[in-house]
Amino acid sequence: MAGPVASLTTASMTTAGTTRLQLVASGGGEVVPPDGDYLSPAQRAEIEAMLVANIGMLTAAGTLTQPRATEQIALDWPLAARDGFTDPGYHAITGFVDHTPDIPNKLTDYACGGRTYSGHKGTDIFMWPFAWNKMAAGDVTIAAAADGVIVGRRDGNPDQSCNFNSNSWNAVYVRHADGSIAWYGHMKRGSLTTRGVGSMVSAGEYLGLVGSSGNSTGPHLHFELHDYQGQLLDPYIGSCNPLEGGSWWASQPNYYDSAINKLMTGTGPVSWKACPLPDDTNEAIQFQPGDRITFSTYYRDQLNTLPSLYRIRGPNGAIFAQWSQTIKPAHYALSQWWWSYDFPASVMTGTWRFEVEFNGRTYSHTFY
């Protein structure tokens, strides 16, 4: 992934307490997401033929019944953090379904915005920040969005893709009671559930890990939905996708799902590496008086209507530094900001907190 693109912000700084912290450097900005993904017509035809054959076989065996097409299912979120993962978030949307795929130079998502790319048939849920680190650690699992039967799966393909190529992806396909089929694509090789074709899965059940297999430019889940007739479905309801039965999501996320995914302290700014190398985060939580400490914040869907208020609190609860920030551009899908402070040798020891108030929530990170 490319590093942050420098951008103007408005900020104010104050310091308090008996010891002054010295701001020595700051930076950050928008982080441009990868280009996305692509399934060639030949690859789609191969997948569709496999699904037709498997569904026919499972129907003949009595494993599948006739779909109850009038009973629209409700989808849960198809990702979850692994046990022990403590960051407040781990993802960002980098592409919705394109509703004008046949109109050149026109991009239309479900809300009539342009958060998609030409011909895209699914929702791209990208891991953020440190996507390759998260993939290596298995931080983000793919979970069944609804009860169903596995009607297709493919594993064993390379999963370190950074560019479009001719590789096939690793994927699981689940058919639901109403006949709709969810495609879960770009999985990490060797991470797929041991359940085979014809096995039942429950909503929330583990299907695999997020990866970057096939035509992919970074670790993400491509979630794609088709109805019982095989027609593409966008599960999000909006002005340009007025679904008769309402949203397919049990709880549809906001178009701009503005939140902080991670607060971090470290010995310096992140060293962003070229795909597919893990980033050097320089993360640390233990410091000595006199050290320089870098404070970083990682946003998804940061908006210029949502200011941030930052604080550094000492062990006694006093605010030793406070500043505010508002971006000038309307929206960043991914963004990262950092500030480096010199802590004097006289600073009190103990448990400190780095806090950010953003979009009605206070986020907190502890360091020592």
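All values below were derived from every heavy atom in this structure, side-chain atoms included, with hydrogens, water molecules and symmetry-related copies excluded. What you are looking at is a predicted structure, and each value in this text was computed from that prediction instead of being measured. Numbers here simply count residues along the sequence, with the first being 1.
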*Pairwise side-chain contact, Tyr341 with Val24, heavy-atom cut-off 4.5 Å (strictly under)*: no

*Out of curiosity, Thr123 OG1 to Tyr110 OH, how far, rounded to the nearest 0.5 Å?*
9.0 Å

*Verify, without hydrogens or angle tests, whether Ser161 (side chain) and Gly214 (backbone) share a donor-acceptor contact under 3.5 angstrom.*
yes

_Would you say Tyr38 ends up clustered with Trp183 if hydrophobic residues are merged whenever their side chains have heavy atoms under 4.5 Å apart, either directly or through other cluster members?_
no

*Could you state whether Tyr206 and Val149 fall into the same hydrophobic cluster, counting links through intermediate Ile, Leu, Val, Met, Phe, Trp or Tyr residues with side-chain heavy atoms under 4.5 angstrom apart?*
no

_Ring geometry between Tyr90 and Phe85 (parallel below 30°, tilted from 30 to 60°, perpendicular above 60°)_ = perpendicular

*Are side-chain heavy atoms of Thr281 and Asn133 found at a separation under 4.5 Å?*
yes

*Under a 4.5 Å cut-off applied to non-hydrogen side-chain atoms, are Val201 and Val174 in contact?*
yes

*Would you say the side-chain atoms of Asp291 pair up with the backbone N or O of Gln288, donor to acceptor, closer than 3.5 Å?*
yes

_Shared hydrophobic cluster for Ile93 and Leu221 (ILVMFWY, side-chain gaps under 4.5 Å)_ = yes

*Are Ser335 and Glu30 close enough that a side-chain donor and a side-chain acceptor fall under 3.5 Å?*
no

*State plainly whether one hydrophobic cluster holds both Val172 and Leu225, where clusters connect Ile, Leu, Val, Met, Phe, Trp and Tyr through side-chain heavy atoms under 4.5 angstrom apart.*
yes

*For the ring pair Tyr299 and Phe358, is the centre-to-centre distance below 6.0 Å?*
yes

_Ignoring hydrogens, what is the shortest heavy-atom contact between Pro101 and Gly119? Give both atom names and the distance._
CB-CA, 3.9 Å

_Ionic contact status for Asp124 with Arg115, cut-off 4.0 Å_ = no

*asked:* Distance check, rounded to the nearest 0.5 Å: Gln160 atom CD versus Ser216 atom OG?
replied: 10.5 Å

*About how many Å separate CG of Asn282 and OG1 of Thr267, when rounded to the nearest 0.5 Å?*
4.0 Å

*asked:* Whether Arg68 and Asp178 form a salt bridge (side-chain N of Lys/Arg under 4.0 Å from carboxylate O of Asp/Glu) is what I want to check.
replied: no

_Centroid separation Tyr173 to Tyr184 less than 6.0 Å_ = no

*Would you sort out whether Leu232 and Glu224 count as a side-chain contact (heavy atoms from CB on, under 4.5 Å), showing the intermediate values?*
CA-CA 8 Å; Leu232 180 68; Glu224 186 168 324; 3.8 Å; yes

*asked:* Taking Pro129's backbone N and O only, do any of them form a donor-acceptor pair with Lys134's side chain (distance below 3.5 Å, no angle check)?
replied: yes

*Please name the pair of heavy atoms, one in Pro344 and one in Leu21, separated by the smallest distance, quoted to 0.1 Å.*
CD-CD2, 4.0 Å

*Derivation of the side chain to side chain donor-acceptor pair (under 3.5 Å) call for Tyr117 and Asp37*: CA-CA 9 Å; Tyr117 47 95; Asp37 57 30; 2.8 Å; yes

*Would a distance-only check, ignoring hydrogens and angles, find a side-chain to backbone donor-acceptor pair under 3.5 Å from Thr294 to Trp339?*
no

*asked:* Testing the basics here: between Ile125 and Pro78, what is the closest heavy-atom pair and its distance to 0.1 Å?
replied: CD1-CG, 4.0 Å

_Please tell me whether His99 and Asp234 have a donor and an acceptor in their side chains that are separated by less than 3.5 angstrom._
yes

*With distance as the sole criterion, is a donor-acceptor pair present between the side chains of Asn170 and Asn157 under 3.5 Å?*
yes

*Residue pairs fulfilling disulfide (SG to SG under 2.5 Å) with at least one residue in residues 334-368, sequence neighbours excluded*: none

*How long is the gap from OG on Ser168 to CG on Asp155, to the nearest 0.5 Å?*
12.0 Å

*asked:* Donor-acceptor check, side chain of Ser40 to backbone of Gln43, threshold 3.5 angstrom: yes or no?
replied: yes

*Grab the two heavy atoms, one from Gly28 and one from Trp338, that are nearest each other, plus how far apart they are.*
N-NE1, 3.7 Å

*Go through the steps to decide whether Thr108 and Lys106 satisfy the test side-chain contact (heavy atoms from CB on, under 4.5 Å), and finish with yes or no.*
CA-CA 7 Å; Thr108 307; Lys106 182 175 177 60; 3.6 Å; yes

*asked:* Is a donor from one side chain sitting under 3.5 angstrom from an acceptor on the other, for Thr265 and His365?
replied: yes

*asked:* Determine whether the aromatic ring centres of residues His120 and Phe96 are separated by less than 6.0 angstrom.
replied: no

*Just by modelled atom types, is the Arg82 backbone N or O under 3.5 Å from a matching donor or acceptor in the Thr141 side chain?*
no

*Measure the CG-CG distance between Asp102 and Asp98 for me, rounded to the nearest 0.5 Å.*
9.0 Å

*Given the rule in the side-chain contact (heavy atoms from CB on, under 4.5 Å) test, do Val356 and Ser308 qualify, once you have shown the distances and angles that lead to the verdict?*
CA-CA 7 Å; Val356 184; Ser308 298; 4.1 Å; yes

*Looking only at side chains, do Asp109 and Tyr236 share a donor and an acceptor under 3.5 Å apart?*
no

*asked:* Donor-acceptor check, side chain of Asp279 to backbone of Lys273, threshold 3.5 angstrom: yes or no?
replied: yes

*Under 4.5 Å between any side-chain heavy atoms of Gln252 and Ile237, yes or no?*
yes

_Please say yes or no: joined through hydrophobic side-chain contacts below 4.5 Å, possibly via intermediate residues, are Val197 and Trp169 part of one cluster?_
yes

*Quick one: pull up OG1 in Thr349 and CZ in Phe343 and give me the separation to the nearest 0.5 Å.*
12.5 Å

*Among Glu357, Glu355, Gln325, which residue meets the side chain to side chain contact (heavy atoms under 4.5 Å, CB included) test with Leu309?*
Glu357

_Salt bridge or not between Lys188 and Asp159? Use side-chain N to carboxylate O under 4.0 Å._
no

*Kindly say whether Tyr228 contributes a backbone atom to a donor-acceptor pair with the side chain of Ser180 at under 3.5 angstrom?*
no

*Please check if the side chain of Arg311 supplies one atom and the backbone of Phe320 the other of a donor-acceptor pair under 3.5 Å.*
no

*Just grab all the ring-ring contact (aromatic ring centres under 6.0 Å, His included) pairs involving residues 48-82, residues at least two apart or on different chains.*
Trp77-His91, Trp77-Trp249

*asked:* With ring-ring contact (aromatic ring centres under 6.0 Å, His included) as the criterion, how do Phe354 and Tyr363 come out once you've worked through the C-alpha distance, each side chain's angles and the decisive distance to 0.1 Å?
replied: CA-CA 8 Å; Phe354 174 36; Tyr363 299 82; over 10 Å; no

*So which heavy atom on Arg353 is nearest to which on Ser364, and how close?*
CD-OG, 3.4 Å

_Ile55 versus Arg175, closest heavy-atom pair with distance_ = CG2-NH1, 4.0 Å

*Could you name each residue pair satisfying salt bridge (Lys or Arg N to Asp or Glu O under 4.0 Å) that touches residues 236-262, not counting sequence neighbours?*
Asp87-Lys262, Asp257-Arg300, Lys262-Glu283

*Are any side-chain N or O atoms of His186 and backbone N or O atoms of Ser213, one a donor and one an acceptor, separated by less than 3.5 Å?*
yes

*Given the rule in the side-chain contact (heavy atoms from CB on, under 4.5 Å) test, do Trp248 and Leu243 qualify, once you have shown the distances and angles that lead to the verdict?*
CA-CA 9 Å; Trp248 283 65; Leu243 298 168; 3.7 Å; yes

*State yes or no: are the ring centers of Phe295 and Tyr310 separated by less than 6.0 Å?*
no

*Identify which one of Thr100, Leu107, Asn105 satisfies the side chain to side chain contact (heavy atoms under 4.5 Å, CB included) criterion when paired with Ile103.*
Thr100

